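See structure below.
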2 protein chains.
Amino acid sequence: MPNGIPAEVKEAARIARALSHPARLQILNELRDGGAYVMHLTAVLGRPQANISQHLMVLREADLVTAEREGMTVIYHVRNPHVLDVVDQLLVLARERAEAHRMDDVMVGVEELDGLRGKRQRRRKGKCRCPRCREEG
Amino acid sequence: MPNGIPAEVKEAARIARALSHPARLQILNELRDGGAYVMHLTAVLGRPQANISQHLMVLREADLVTAEREGMTVIYHVRNPHVLDVVDQLLVLARERAEAHRMDDVMVGVEELDGLRGKRQRRRKGKCRCPRCREEG
DNA sequence: AAACTCTATTCGTGAATCGGAATAAGGTTG
DNA sequence: CAACCTTATTCCGATTCACGAATAGAGTTT
């Protein structure tokens, strides 16, 4: 092997790669307390189910999350809670950069597009029927 | 542009993306006390100068580092020291995963890893003639 | 069994990334 | 000026990524 890159550094880079998409950061955020069901993630993130599943696959292959079946549904957990520390640190960094640059640009107003895109598997935010959200109702 | 993703999450993902390459993690590691000259990075990482410069451009565009000319040379610094905390956390995670999977790969211990920050290790690979290494000769 | 629900995977395409080679650009020295 | 040193950029091919669409499992209900 030509490259003298320590295995740890390679692995750290792979982890960072798995964290390098907003949807995956949001997913990990949702897994904080007690994990989350896939249907919950699709409801909260407002993305198509297939897309959520694809991002979950990335997180699985990076060994950042675990998946267990519970009958018809699947619940995901973070494998090592330390990954949430990294997520937090990234968010801290992001906020500090925003403050430093006084960037008040926003990407809002996209919620309206939810109504326009009546696509197939897309679900609306806030209407989750996953076991956990159900028992809280 | 996807859904109503908070700006800070998008930014956090961009930062993670910038960290998602071993060379860039190594570069940031080398920038720990007092920054580093480009020629030093090329000597330590053992990569072509153009490649180092490309990775530095990625780090610059992510606002993670700053570059100042000093005559003929350029010295880079981390813009916000907190990014080094993220790097450390990523390395911790990587090591914990390695232990969990009982990799028989030869991995450096934490102690040695901390040693990467020392000046003594700077001359491990190739000879560097950057101003700092010169005055320490 | 069929029908249904929830999740995972495959496929195709456009975009982004990586790295080497070559070259350009900024700065110094003779 | 020319020659040189250090760093940045461009071009290009190969690889990987992201997403929608469609389809394929896995499990339940009727």
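Remember, it's a predicted structure, so these values are computed and weren't measured experimentally. Proteins get letters first, then strands, A, B, ... in listed order; numbering begins at 1 in each.
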Which nucleotide in the set [options] lies at the smallest distance from any side-chain heavy atom of [X]?
X: A/R24; options: D/dA18, C/dA22, C/dG27; value: D/dA18
X: A/Q49; options: D/dG20, C/dG19, C/dA8; value: C/dA8
X: B/A50; options: C/dT7, D/dG20, D/dA8; value: D/dA8
X: B/H21; options: C/dC18, C/dT28, C/dT9; value: C/dC18
X: B/R69; options: C/dG20, C/dG27, D/dT9; value: C/dG27
X: A/R17; options: D/dT7, D/dC17, D/dT28; value: D/dC17

Between [N] ([atom2]) and [X] ([atom1]): distance, integer Å:
X: B/L45; N: D/dT7; atom1: CG; atom2: P; answer: 13 Å
X: B/N51; N: D/dC11; atom1: CG; atom2: P; answer: 18 Å
X: B/E68; N: D/dA8; atom1: CD; atom2: P; answer: 12 Å
X: B/M57; N: C/dT17; atom1: CE; atom2: C1'; answer: 11 Å
X: A/L56; N: C/dT7; atom1: CG; atom2: P; answer: 10 Å
X: A/Y76; N: C/dT7; atom1: OH; atom2: C1'; answer: 8 Å
X: B/R14; N: C/dA16; atom1: CZ; atom2: P; answer: 13 Å
X: B/M72; N: D/dT7; atom1: CE; atom2: P; answer: 8 Å

Given side chain to side chain contact (heavy atoms under 4.5 Å, CB included), test B/H40 with B/V38 step by step and report yes or no. CA-CA 5 Å; B/H40 176 81; B/V38 176; over 6 Å; no
Applying a 4.0 Å non-hydrogen cut-off, can you work out what A/S53 is touching in the nucleic acid: base, sugar-phosphate, or nothing?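 Base contact.
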Quiz question: going by heavy-atom distance under 3.5 Å, is there a donor-acceptor pair between the base of C/dG20 and the side chain of B/Q54?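 Side chain to base: pair present.
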Distance, nearest 0.5 Å, that separates SG of A/C133 from CZ of A/R129: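 Answer rounded to 0.5 Å: 11.5 Å.
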Quick one: CG on B/L25 to CD on A/E8, what's the gap to the nearest 0.5 Å?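 Going from the CG atom of B/L25 to the CD atom of A/E8 covers 11.5 Å.
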Using a cut-off of strictly less than 4.0 Å, decide whether A/Y37 has a side-chain nitrogen or oxygen near OP1 or OP2 of C/dT5.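 False: A/Y37 side-chain N/O out of range (4.0 Å or more) of C/dT5 OP1/OP2.
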Does a nitrogen or oxygen in the side chain of B/R47 sit under 4.0 Å from OP1 or OP2 of C/dG19?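 So the side chain of B/R47 is within the cut-off, an N or O lying under 4.0 Å from OP1 or OP2 of C/dG19.
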Residue whose nearest DNA chain D nucleotide is more 5′ - B/R60 or A/V58: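 On the 5' side of the pair lies B/R60.
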Go nucleotide by nucleotide along DNA chain D from the 5' end; which of A/H55 and B/V38 gets its closest nucleotide reached first?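 Nearest nucleotide further toward 5': that of B/V38.
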Presence of salt bridge, B/E99 and B/R95, under 4.0 angstrom: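 Between B/E99 and B/R95 there is a salt bridge, with a charged N closer than 4.0 Å to a carboxylate O.
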Are A/D88 and A/R32 ion-paired here, with the side-chain N under 4.0 Å from a carboxylate O?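 Yes, charged N to carboxylate O under 4.0 Å.
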